[in-house]
Amino acid sequence: MARHLITSALPYINGIKHLGNMVGSMLPADVYSRYLRQRGHDVLYICATDEHGTPAELAAKEQGLPVDAFCAQAHDAQKAVYDGFALAFDYFGRSSSAQNVEITQHFARRLNENGFIEERAIRQVYSPADGRFLPDRYVEGTCPHCGYDKARGDQCENCTRVLDPTDLINPRSAISGSTDLEVRETKHLFLLQSKLQHEVEAWVARHEDDWPQLASSIARKWLNEGLHDRAITRDLDWGVPVPADTWPELAAEGKVFYVWFDAPIEYIGATKEWSDLDPANRDWKSWWYDVDTDVRYTEFMAKDNVPFHTVMFPATELGVREPWKKVDYVKAFNWLTYYGGKFSTSQKRGVFTDQALEILPADYWRYFLIANAPESDDSSFTWEHFTATVNKDLADTLGNFVNRVLSFSRKRFGDEVPAGGQPGEAETKLGGQIAELLAEYESHMESLQFRKAAAALRALWSAGNSYLEEKAPWLEIKTDKEGAALTLRTAMNLIHLYAVVSEPFIPATSAAMRQAFSLADDTASWVTAAEARALAAVPAGTPFTVPPVLFAKLTDEDLQAYKERFGGEPV
């Protein structure tokens, strides 16, 4: 089987992420990874917290913590939430790791040796009160375009216009609040992307036809506008240090690499972190170095991260002149909005992942988010839509099917799967339908079409309900007890099939369905077309139990409580 390297956009360290972050990268990557593992592929799913940059320092300052202590705590807090969502990373690392420092500095040295890094003098805001140069996000002020008085020196969050610190009206230091600011000359390293333009264009041209239109159009837009040389160092206390053996003057000044230079390299760094835990059995380079034909690399990210991973990081990899693995497929997502407005970490708008788990178990959220993933366009989260989806798809279509089949069978036939007669026309028809729907589900999962895959999974669940309504064992048992037993045995086999194939979406529920049957040797990782037609994985005489309610229906009172807590309209 193929080897699949999978990464999702690194969640930034400054706070728990909202549902939009979850569905835009980590959750679909997890669903796809789980599916591939079930199909027998060798999968390595890597992610990490993105810990460098100005927001990390500012968040640490707000909490009165050293930045390294803040990042350690925030990493553990984020990891706990992702564990709660059942994200099955092979490794969840940290961009502040020694491994990332080592590999980032190696990349910088190689780029410099190959003539793609240049030291340049630039003019930058300096704060005498703080005794330091201020990176763009360390300068706040009033946006000249919309008048928002908390605009940052790189971008106004209110109107989204890109800014320079010198554009701000009444600028002030985000550290001390001082308005006594000067513009002084300082030196920084620049990645000469302009010299790599044609190589990046050629690389993108070889891949863009295979990528989703969203990813390829964003990459092409950046290339058409031309790649500009980009500063890759900052004046910060926290980051990957500029190596003193190559740039002694800048190292002495405390320069560190810009977060967007080292963060993508952390995919490699985190793989080395994983490998270093068991070096006798893990080889990080076998996934990343000189493996273009051996490993298929898929990245998951929201559209704002696409330029960095389709243009900037490939430029970095090309410039080092070493055979590092480059992405094969970029699965890009649009925005999940909250009642049509933006989720916002800084403004606490929308539902955050830790809050979601306080309300309901992870499978409710996993299914809803993937079934409504913002693939072709933005999609909106509303509590009305969420409750309707939970009630219709999870509680009624799947949960009610499982409960009424097992409860009715136990009531009429005891705690073992009943035998009944031989399958008839209805069972043959059902088997063919299930095999066809399963093939459709597989096709959508293989092509990373998650909303379509969710629809196919829902259709599989619905097929069981249609069969049950057609056969009506609660009536059938009055005149044909053997026929009713066959119907229930067939339905129980559907439950087992659902347990296997639903696992990428709802892993905890799938485990509960599977554990309902006391099968001596239940090692099935997937269901073949022949097995789907036969529906015989759970033979007569198998002991079973009725699990607790899989999905509770959400009431009007629940809906009202959610809206009162989180708001039912965008702020």
Side-chain angles (χ1 to χ4, degrees), residues 12 14 50 52-62 67 117-194 221-222 225-240 242 247 249-263 304-305 307-308 311-312 315 342 344-347:
Y12 199 69
N14 65 334
D50 181 4
H52 294 140
T54 310
E57 289 193 2
L58 293 177
K61 180 176 180 290
E62 275 185 23
V67 66
I117 286 182
E118 184 175 282
E119 188 176 321
R120 293 180 181 176
I122 63 170
R123 294 180 64 77
Q124 189 173 335
V125 175
Y126 183 86
S127 169
D130 298 306
R132 61 180 293 174
F133 285 97
L134 300 181
D136 42 22
R137 286 199 176 200
Y138 270 37
V139 185
E140 296 177 345
T142 299
C143 175
H145 304 288
C146 72
Y148 181 60
D149 64 357
K150 295 180 181 177
R152 299 189 307 256
D154 61 340
Q155 186 177 32
C156 175
E157 187 180 66
N158 185 56
C159 69
T160 73
R161 295 287 287 269
V162 175
L163 300 172
D164 186 270
T166 57
D167 297 332
L168 295 173
I169 300 169
N170 299 323
R172 60 188 179 274
S173 165
I175 304 172
S176 63
S178 173
T179 58
D180 179 21
L181 304 181
E182 304 172 0
V183 176
R184 296 184 182 181
E185 186 174 278
T186 185
K187 291 181 179 179
H188 280 286
L189 298 179
F190 280 71
L191 177 62
L192 305 184
Q193 294 184 133
S194 59
K221 177 179 183 293
W222 274 57
E225 292 175 354
L227 296 188
H228 302 289
D229 300 339
R230 188 180 182 101
I232 59 168
T233 53
R234 290 291 189 271
D235 293 283
L236 294 170
D237 296 327
W238 176 245
V240 175
V242 169
W247 296 282
E249 181 182 342
L250 297 186
E253 294 173 2
K255 308 287 187 185
V256 300
F257 287 108
Y258 180 38
V259 62
W260 270 115
F261 182 73
D262 82 88
D304 57 331
N305 284 327
F308 300 100
V311 175
M312 291 177 59
K342 287 180 65 177
S344 172
T345 300
S346 61
Q347 297 183 24

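The structure presented is a predicted model; accordingly, all values stated were derived computationally and were not measured.
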Between D229 (side chain only) and Q193 (backbone N and O only), is there a donor and an acceptor less than 3.5 Å apart? yes
With sequence neighbours left out, what residues match F308 under ring pair (Phe, Tyr, Trp, His ring centres under 6.0 Å)? W260
Beyond-backbone contact of L227 with V311, side-chain heavy atoms, under 4.5 angstrom: yes
Evaluation steps, side chain to side chain contact (heavy atoms under 4.5 Å, CB included), between L163 and C156: CA-CA 7 Å; L163 300 172; C156 175; 4.0 Å; yes
CZ on R172 to OG on S127, rounded to 0.5 Å: 13.0 Å
Are the side chain of H52 and the backbone of V259 linked by a donor-acceptor contact shorter than 3.5 Å? no
Residue from R120, K255, E249 passing side chain to side chain contact (heavy atoms under 4.5 Å, CB included) with K187: E249
If you round to the nearest 0.5 Å, how far is CD of E140 from CG of D149? 9.5 Å
Which residues satisfy the ring pair (Phe, Tyr, Trp, His ring centres under 6.0 Å) test with W222, sequence neighbours excluded? none
Using a distance-only test with no angle check, is there a side-chain donor-acceptor pair under 3.5 angstrom linking D130 and S173? yes
Would you compute the distance between atom OG1 of T166 and atom CG of L181 and round it to the nearest 0.5 angstrom? 11.5 Å
Of the non-hydrogen atoms in L168 and G141, which two are nearest, and what is the gap between them? CD1-N, 3.7 Å
As an exercise, state the distance from SG of C143 to CD1 of I169, rounded to the nearest 0.5 Å. 7.5 Å
Tell me, with the steps shown, if R234 and D136 meet side chain to side chain contact (heavy atoms under 4.5 Å, CB included). CA-CA 9 Å; R234 290 291 189 271; D136 42 22; 4.1 Å; yes
Show the numbers, then the answer: is there a side chain to side chain contact (heavy atoms under 4.5 Å, CB included) between L189 and W247? CA-CA 9 Å; L189 298 179; W247 296 282; 3.4 Å; yes
What pairs with R184 under salt bridge (charged side-chain N to carboxylate O under 4.0 Å, His left out), at least two apart in sequence or on another chain? E182
At their closest point, which heavy atom of V67 faces which heavy atom of A60, and how far apart are they? CA-CB, 3.6 Å
Taking C-beta and beyond as the side chain, do E253 and V242 meet within less than 4.5 Å on heavy atoms? no
Under a 3.5 Å distance rule, please check whether Y12 uses its side chain to pair with a backbone N or O of A56 as donor and acceptor. yes
Report the distance from atom CD of Q124 to atom CG of D164, rounding to the nearest 0.5 Å. 9.5 Å
Determine, stepwise, if the pair D235 / H188 fulfils side chain to side chain contact (heavy atoms under 4.5 Å, CB included). CA-CA 9 Å; D235 293 283; H188 280 286; 2.9 Å; yes
Tell me yes or no: between the side chains of D180 and S178, is some donor less than 3.5 Å from an acceptor? no
With a 3.5 Å cut-off and no angle check, do the side chains of D167 and H145 form a donor-acceptor pair? no
Please enumerate all residues that pass ring pair (Phe, Tyr, Trp, His ring centres under 6.0 Å) together with F257, with sequence neighbours excluded. F261
Student check: side-chain heavy atoms of T142 and Y148 closer than 4.5 Å: no
Roughly how far, to the nearest 0.5 Å, is CG of L58 from CG of N14? 9.0 Å
Taking salt bridge (charged side-chain N to carboxylate O under 4.0 Å, His left out) as the definition, give me every residue that meets it alongside D154, ordered by chain and number, with sequence neighbours left out. R137, R152
Salt bridge K61-E57, side-chain N to carboxylate O under 4.0 Å: no
Please list, chain by chain and in numerical order, all residues satisfying ring pair (Phe, Tyr, Trp, His ring centres under 6.0 Å) with Y126, sequence neighbours excluded. F133
